[in-house]
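As structure tokens, the structure follows; a few thoughts come after it.
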Amino acid sequence: MDVIVNADDLGATAKVNDAIFDLIDQGRVTSATMLANSPWIEAACQRTGDYRYCSFGAHLNITEFRPLSNHEGLSPILNESGEFAGQDRTRGTVIDQSLAKGIHAEFCAQLERLITLGVPVSHIDSHHHVHTIPKMFPVLKKVQKQFNIRGIRISKNIYG
């Protein structure tokens, strides 16, 4: 049986990047998910080509940093600086049709960025487990189908 050990937040900082790639070099991590809208994502993507034996996925993010899309539907989960307002705000906001469209646009922009930067995206999950919010399921399935990504890492029990 194969065991997959995944590291989240690749791209968040230079220190996080170095730590994750060091763990991959040591054989302790076999998979990593990347924050496409994070400050150090380009540096992380430049290094993925050296790790053909490792799988890289998208760590879809609607809780931190600035969105990649300009979709007006995201406004309920943005702060006054135009950045995502955090996981409490995201979890506390009702996902209506407008917000769902905004989240879909943002997830697509994040996947497109990783693909453009040369990352073969093998799976998806999300920052702060927002993909486990029940109302997020239709958005996630639409993105999954659109990008033909079969793997979704369930990293938290959805229901008690």
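Any value given below was found using the heavy atoms of this structure, including those in side chains, with hydrogens, waters and symmetry copies removed.
- Each of Arg47, Met34, His59 was scored for a side-chain contact (heavy atoms from CB on, under 4.5 Å) with Leu10, with one residue passing: Met34.
- Not less than 6.0 angstrom separates the ring centroid of Phe84 from the ring centroid of Phe65.
- Annotation for Ile115: atom CD1 counts as buried by contact number, over 12 foreign heavy atoms lying within 6.0 Å.
- Taking the six-membered ring where the residue is Trp, Tyr51 and Tyr53 present perpendicular rings, their angle passing 60° and hence far from 30°.
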Walk me through whether Cys108 and Phe147 qualify under side-chain contact (heavy atoms from CB on, under 4.5 Å).
CA-CA 8 Å; Cys108 288; Phe147 286 87; 3.6 Å; yes
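- Donor-acceptor pairing under 3.5 Å is lacking for the side chains of Thr48 and Asp50.
- The shortest heavy-atom contact between Ser55 and His123 is OG-CE1, 3.9 Å.
- When side chains are defined from C-beta on, Val139 counts as touching Phe107, because their heavy atoms get closer than 4.5 Å.
- For the pair Glu64/Ser38, no side-chain contact is recorded, criterion being any heavy-atom separation below 4.5 Å from C-beta on.
- In this structure, the side chains of Asn37 and Arg66 stay at 4.5 Å or more apart for every pair of heavy atoms.
- Separating the CD1 atom in Ile62 from the NE2 atom in His131 is a distance of 11.5 Å, to the nearest 0.5 Å.
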As a quick check of understanding, evaluate side chain to side chain donor-acceptor pair (under 3.5 Å) for His127 and Asp9, giving each step before the final call.
CA-CA 8 Å; His127 200 41; Asp9 299 347; 3.1 Å; yes
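- Using a 4.5 Å cut-off on side-chain heavy atoms (C-beta onward), Val5 and Arg28 make no contact.
- Taking the side chain as every heavy atom from C-beta outward, Val94 and Lys135 never approach each other to under 4.5 Å.
- Between Lys101 and Asp96 there is no salt bridge, since no side-chain N of the basic residue sits under 4.0 Å from a carboxylate O of the acidic one.
- Residue Lys142 holds its NZ atom at 14.0 Å from CD of Gln144, rounded to the nearest 0.5 Å.
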Starting from the C-alpha separation in whole Å, work towards a yes-or-no answer on side-chain contact (heavy atoms from CB on, under 4.5 Å) for Ile149 and Leu111.
CA-CA 10 Å; Ile149 298 173; Leu111 282 162; 3.8 Å; yes
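- The minimum heavy-atom distance between Ser69 and Gly102, with the atom names listed, is OG-O, 4.4 Å.
- Closest approach of Gly82 and Pro67 over heavy atoms only: O-CD, 3.2 Å.
- Atom CG of Asn6 sits about 4.5 Å away from atom OG1 of Thr33, to the nearest 0.5 Å.
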Under the criterion side chain to side chain donor-acceptor pair (under 3.5 Å), I'd like the reasoning laid out for Glu42 against Gln46: C-alpha separation, chi angles, the key distance, then a yes or no.
CA-CA 6 Å; Glu42 290 88 0; Gln46 289 173 358; over 6 Å; no
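- Annotation for Gly73 and Leu99: closest pair O-CD1, 3.3 Å, computed over non-hydrogen atoms.
- Using a 4.5 Å heavy-atom threshold, the side chains of Ile41 and Leu114 count as touching.
- For Ser126 (side chain) and Leu60 (main-chain N/O), no donor-acceptor pair under 3.5 Å exists by modelled atom type.
- A distance of 6.5 Å separates OG of Ser31 from CD1 of Ile4, quoted to the nearest 0.5 Å.
- Not one N or O on the side chain of Glu106 forms a donor-acceptor pair closer than 3.5 Å with the backbone of Leu74.
- For the pair Ile124/Leu140, a side-chain contact is recorded, criterion being any heavy-atom separation below 4.5 Å from C-beta on.
- Around the CD atom of Gln97, the shell of radius 6.0 Å holds no more than 12 heavy atoms that belong to other residues, nucleotides or ligands.
- Placement of Leu117 and Leu68 in two distinct hydrophobic clusters is found when ILVMFWY residues are connected by side-chain heavy-atom separations under 4.5 Å, directly or transitively.
- Note that the CD atom of Glu83 and the CD1 atom of Ile77 stand 13.0 Å from one another [nearest 0.5 Å].
- For the pair His104/Gln146, a side-chain contact is recorded, criterion being any heavy-atom separation below 4.5 Å from C-beta on.
- The hydrophobic clustering, which links ILVMFWY residues whose side-chain heavy atoms are closer than 4.5 Å, places Leu35 and Ile152 apart.
- Although no hydrogens or angles enter the test, the distance criterion places a donor-acceptor pair under 3.5 Å between the side chain of Arg89 and the main chain of Pro76.
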Please assess Lys141 against Met136 for the test side-chain contact (heavy atoms from CB on, under 4.5 Å), listing each intermediate value before the final yes or no.
CA-CA 9 Å; Lys141 293 307 289 180; Met136 195 71 71; over 6 Å; no
Given the rule in the side chain to side chain donor-acceptor pair (under 3.5 Å) test, do Thr90 and Thr63 qualify, once you have shown the distances and angles that lead to the verdict?
CA-CA 6 Å; Thr90 298; Thr63 60; 5.9 Å; no
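- Linking Ile, Leu, Val, Met, Phe, Trp and Tyr whenever their side-chain heavy atoms come within less than 4.5 Å leaves Trp40 and Leu23 in two separate clusters.
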